[in-house]
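Only one structure is covered here, and it is reproduced in the block below.
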Number of protein chains: 2
Amino acid sequence: MSLDKRKVTILKAIINSYIDNAEAVGSRTISKKYELGVSPATIRNEMSDLEEMGFLIQPHTSSGRIPTDKAYRYYVDDLWKKVMGSNNPNISQLKNIIEEKSEEMDSVFKNSVRILSQFTKYTSFIIAPQLKQSTIKRIQLVPITDKRILLVLVLQNNIVKQVMLNLNNPIPLDQIDKISASLSEKLNGYKLEDMDSIKDSLIQELYHLREGSTESLLVMLPFLMEQISKFEDFNVYSDGLTNILDLPEYNDVVKAREFISFVEDKNSLAKLFQFTGENDLNISIGRENEYEELRDCSLITATYKLNGKLIGKIGVIGPTRMDYNKVILTVKSISNAMNEIISHNFDEENKE
Amino acid sequence: MSLDKRKVTILKAIINSYIDNAEAVGSRTISKKYELGVSPATIRNEMSDLEEMGFLIQPHTSSGRIPTDKAYRYYVDDLWKKVMGSNNPNISQLKNIIEEKSEEMDSVFKNSVRILSQFTKYTSFIIAPQLKQSTIKRIQLVPITDKRILLVLVLQNNIVKQVMLNLNNPIPLDQIDKISASLSEKLNGYKLEDMDSIKDSLIQELYHLREGSTESLLVMLPFLMEQISKFEDFNVYSDGLTNILDLPEYNDVVKAREFISFVEDKNSLAKLFQFTGENDLNISIGRENEYEELRDCSLITATYKLNGKLIGKIGVIGPTRMDYNKVILTVKSISNAMNEIISHNFDEENKE
DNA sequence: TGTTAGCACTCTCTTTGGTTGAGTGCTAAA
DNA sequence: TTTAGCACTCAACCAAAGAGAGTGCTAACA
């Protein structure tokens, strides 16, 4: 049996209708709402074929039909070609919204994920870059009191991280700039993940040196390096967790609770993202997902890059009955906008 | 009719039972679970009296009884005396948890509110201090690139704020320290809210001065002051929004959605906090709340102070059928712990 | 040969009515 | 003043009936 043109039209009509209403679709509905010029009986025959081919199922004998994961997969693959070809018009608009108040990398992420959930009305996520691989460009200490020092860490790609250091003993404030300079010099070029391994030899080296400010430097260094190596390996932001409460498939509180508990757990999210592909855009539908908890959900992710290198992913989770068209376009546009913002603001090699 | 001892015992028993089970309480239940030595019939009579006095209501003629707001108010006022007298034992424990990774003021807030919702299983909030009233102690600029400068602002009470400045024109990096010093000097002692009003005169002054680094200073100053005056007037953090999904009173998704939408709105929360009293501990029950949306909720807030001055509030929202004992103790303990942490870490006059 | 009208059939959803059980209020006795 | 007894009420549960949406099949039609 082949998927001829009329079958495709009917299948798409069913999927669209189900996406809209979350209700099993009957032959009459299709014949009325989508003018196909054929009677319900004909459509029934076609639907029966589509069911046999694995695109539709009937929840019970006398109900309408619901698309299967296979149907969504077909639908999405078809959509894909069109979407990938089309240039989304409002990227510059998106960029403006994302960039608003986004002077730091983190705000770019938070804004993006917020907008993504607002636009799609689903739950959105972003996994922020693993900084451990980044190299240190400069270190600057800012004294708050004589025992509290703010450490500002500038990484190679102009990402900035800050840590507050609470020292046990006061440090002479007039030496701060000197210490900053030495630190910058000593640690320049090392990766964050190297801190643990070079710690001992660096202390050793300084110990033998004994210049003017070495004393204070020796006091701070262990603190500082420990703080740096404690940086989170990844960072997941999410938004719109409670959007699913508006969906009919989650009008059972227990189900909603389950979903929310799952997506509130940053660790499972991080793992989830690992499973997704590394293409510009990745879609997994229903049981294609690794996690049992997401067997009724689809996951649409996009990657974002800095300097050509993949540094993180952004995505949306919603029911398999998802408005794929809208979501795919939105995810794609936002990741594009992010890429531009990031490369413009943070990429060393890419300055005006 | 007077509220004699037995009536009080029965009333408390009913409230406790309802807090536990969220189910209307009947005379038999009371007589069985709480050994009062009287028969259900007697209890029925007393319950009838209590209803007449406004402490109980019957959802329908043949059901058990439910406590009214008035009952909770009585219950809480009674509890109050005991709680206020008792010293909570585990403040130092709490302090440890809150202080973990809390080198900055913001983390203290976030940790506190997280713990509060974890302990109470309700929704918790904190309103962070209005910084506009704080005065500037020091300003330090940290160059990221020649057009991106991180502005670190140290306030009188050692609170630190950071803003990234994206300049249109590069600034000579070797002047940064000089500029920082001038800025610190010029702006020292001003409040954040003053920025707008002193902006023009300051620029005027610098314009006439014309020292070495004045040029760059003039470029930066408008940027900088604008950023500062854009600081949020308040900042509300919340946690445990979805805890209510576990409560039987919210097993209707629509109701749950309503609640969550309300408490997700930072503005209404901020207003809500304004209505609460400024005692160390404030409780408003059911219809005592200003907001219609919270007519079935109780709000327990505590204040926290820096240097004796109220700088913010922390609180819990839950159903009127709330475990007041636990919540009151927790809110009180956490606000106490916060007070100690804050005064220890951020209070200028209170150093070791 | 593909399409369609007609019809019997299936299954969920809603409504209806009866039953159960928890709980009450009242009365009369202890 | 307390309590046992009893009639009464009402939500919650359950089963049966009916409505409605939808199907599959068959036979007629273009």
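Residue numbers start from 1 in every chain, and the chains themselves are labelled A, B, ... in the order their sequence lines are given, proteins ahead of strands. Excluded from the calculations below are hydrogen atoms, water molecules and symmetry mates; all remaining heavy atoms, backbone and side chain alike, are included.
- As rounded to whole Å, 13 Å separates atom C1' of D/dT1 from atom CG of B/Asp49.
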Review item, side-chain donor-acceptor pairs of residues 7-14 of chain A, under 3.5 Å, at least two apart:
{"residue": "A/Lys7", "atom": "NZ", "partner": "A/Glu46", "partner atom": "OE1", "Å": "3.0"}
{"residue": "A/Lys7", "atom": "NZ", "partner": "A/Asp49", "partner atom": "OD2", "Å": "3.4"}
{"residue": "A/Thr9", "atom": "OG1", "partner": "A/Lys5", "partner atom": "O", "Å": "2.8"}
{"residue": "A/Lys12", "atom": "NZ", "partner": "A/Asp78", "partner atom": "OD2", "Å": "3.0"}

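- Per the geometry, CD1 belonging to A/Ile66 stands 13 Å off P belonging to C/dT12, to the nearest Å.
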Listed pairs, N/O of protein and of nucleotides 19-23 of chain D, under 3.5 Å:
{"residue": "D/dT23", "atom": "OP1", "partner": "A/Ser27", "partner atom": "N", "Å": "3.4"}
{"residue": "D/dT23", "atom": "OP2", "partner": "A/Ser27", "partner atom": "N", "Å": "3.2"}
{"residue": "D/dT23", "atom": "OP2", "partner": "A/Ser27", "partner atom": "OG", "Å": "2.6"}

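- With sequence neighbours left out, the side-chain contact (heavy atoms from CB on, under 4.5 Å) criterion links B/Tyr291 to B/Phe262, B/Ser268, B/Lys271, B/Leu272, B/Phe275, B/Glu293, B/Leu294.
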Under-3.5 Å N/O pairs linking protein and nucleotides 13-17 of chain D:
none

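- A salt bridge is absent between B/Arg73 and B/Asp69: the closest approach of a Lys/Arg side-chain nitrogen to an acidic carboxylate oxygen does not fall below 4.0 angstrom.
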List the steps, then state whether side chain to side chain contact (heavy atoms under 4.5 Å, CB included) holds for B/Leu329 with B/Asn325.
-> CA-CA 6 Å; B/Leu329 272 175; B/Asn325 199 355; 4.0 Å; yes

Please tabulate, for the side chains in residues 20-30 of chain B, all donor-acceptor contacts under 3.5 angstrom to protein atoms that are two or more places apart in sequence or on a different chain.
{"residue": "B/Asn21", "atom": "ND2", "partner": "B/Ser17", "partner atom": "O", "Å": "3.4"}
{"residue": "B/Ser27", "atom": "OG", "partner": "B/Arg44", "partner atom": "NH1", "Å": "3.3"}

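- A straight line from CD of A/Glu46 to C1' of C/dT1 spans 14 Å, rounded to a whole angstrom.
- Between the C1' atom of C/dT4 and the CD1 atom of A/Ile30 lies a distance of 18 Å, rounded to the nearest Å.
- A distance-only check finds a donor-acceptor pair linking the side chain of B/Thr68 to the backbone of B/Gly54 [under 3.5 Å].
- The distance from atom CG of A/Asn45 to atom P of D/dG24 is 8 Å, rounded to the nearest whole Å.
- Annotation: cation-pi pair B/Lys313/B/Phe273 absent, no NZ/CZ under 6.0 Å from the ring centroid and within 45° of its normal.
- If you measure from atom CG of A/Leu56 to atom P of D/dG24, you get 11 Å, rounded to the nearest angstrom.
- In this entry the distance linking CD1 of B/Ile43 with P of D/dA4 reads 12 Å, nearest Å.
- A salt bridge does not link B/Lys255 with B/Glu249: none of the charged nitrogens is closer than 4.0 Å to a carboxylate oxygen.
- In this entry the distance linking CG of B/Asp4 with C1' of D/dT1 reads 12 Å, nearest Å.
- In this model, the phosphate group of D/dT3 is approached by a side-chain N or O of B/Thr42 to a distance below 4.0 Å at OP1 or OP2.
- For B/Asp252, there are no side chain to side chain donor-acceptor pair (under 3.5 Å) partners at least two apart in sequence or on another chain.
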